[in-house]
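If you're wondering where the values come from, they're calculated on a predicted model, not measured in any experiment. Residues: numbered from 1 along the sequence shown.
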Amino acid sequence: MGYDNFRTETTQRTQQTTETAWEVAVLDGGPADGVRMRVADRPSVVQVTYPCELDGPAGGAHVDALYVYRRDLRVKAEPLRYGVDPASP
């Protein structure tokens with residue numbers, strides 16, 4: 001096997017392992033209840049943010065309300081389900 005063949009095989013193998021599998025997921029509960037989205041690689045947690053209105057100058061800061069949704073591990077097929085975490089900040 002020459003260098004060029006090795007390089008081609010390595011490139012093909014790398015391309016195969018970096019392809020992203022997108023899946024449909026739905027959020028359950030909380031402020032984003034029913035929102036459908038696509039996720040890659042089945043993340044265990046999804047964050048949802050909503051901008052907050054500021055009453056005065058904030059020096060360029062932005063404030064967002066944060067909600068955490070955790071994947072329901074019992075769901076094995078699409079649509080994946082993410083439930084709101086009641087302990088969200």
Side-chain angles (χ1 to χ4, degrees):
M1 170 171 27
Y3 173 74
D4 288 333
N5 289 341
F6 175 76
R7 188 175 63 176
T8 301
E9 289 175 16
T10 303
T11 301
Q12 289 172 347
R13 195 175 323 125
T14 302
Q15 288 173 348
Q16 290 172 356
T17 58
T18 59
E19 289 183 21
T20 302
W22 291 93
E23 295 178 277
V24 174
V26 63
L27 300 180
D28 187 25
D33 186 46
V35 170
R36 296 177 67 87
M37 62 188 171
R38 288 182 297 155
V39 295
D41 303 324
R42 295 188 174 197
S44 58
V45 176
V46 175
Q47 290 183 182
V48 174
T49 61
Y50 286 95
C52 297
E53 290 187 24
L54 302 175
D55 287 337
H62 300 275
V63 179
D64 293 326
L66 171 68
Y67 300 90
V68 175
Y69 287 77
R70 297 191 183 278
R71 185 165 55 92
D72 184 344
L73 299 177
R74 298 170 295 181
V75 177
K76 304 294 183 193
E78 292 183 75
L80 301 176
R81 186 162 301 277
Y82 287 80
V84 68
D85 185 340
S88 287

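The nearest pair of heavy atoms linking Ala65 to Cys52 is N-SG, 3.6 Å. Shortest non-hydrogen contact noted between Tyr82 and Val46 is CE2-CG2, 3.5 Å.
Taking 4.5 Å as the limit, every side-chain heavy atom of Val84 sits out of range of all side-chain heavy atoms of Val68. Under the 4.5 Å side-chain criterion, counting only non-hydrogen atoms from C-beta, Arg71 is not in contact with Val39.
With Tyr69 contributing its side chain and Val26 its backbone, the two residues share no donor-acceptor pair below 3.5 Å. Here the side chain of Tyr50 pairs no donor or acceptor atom with the backbone of Tyr67 at under 3.5 angstrom.
For Arg70, the salt bridge (charged side-chain N to carboxylate O under 4.0 Å, His left out) partners two or more places apart in sequence, or in a different chain, are Asp85.
Sorted by first and then second residue, the pairs that involve residues 72-83 and meet salt bridge (charged side-chain N to carboxylate O under 4.0 Å, His left out), not counting sequence neighbours, are Asp72-Arg74. Pairs passing the salt bridge (charged side-chain N to carboxylate O under 4.0 Å, His left out) check and including a residue from residues 34-51, sequence neighbours excluded, read Glu23-Arg42.
With rounding to the nearest 0.5 angstrom, the CG atom of Leu80 is 11.0 Å from the CG atom of Leu27.
The hydrophobic clustering, which links ILVMFWY residues whose side-chain heavy atoms are closer than 4.5 Å, places Val48 and Met37 together.
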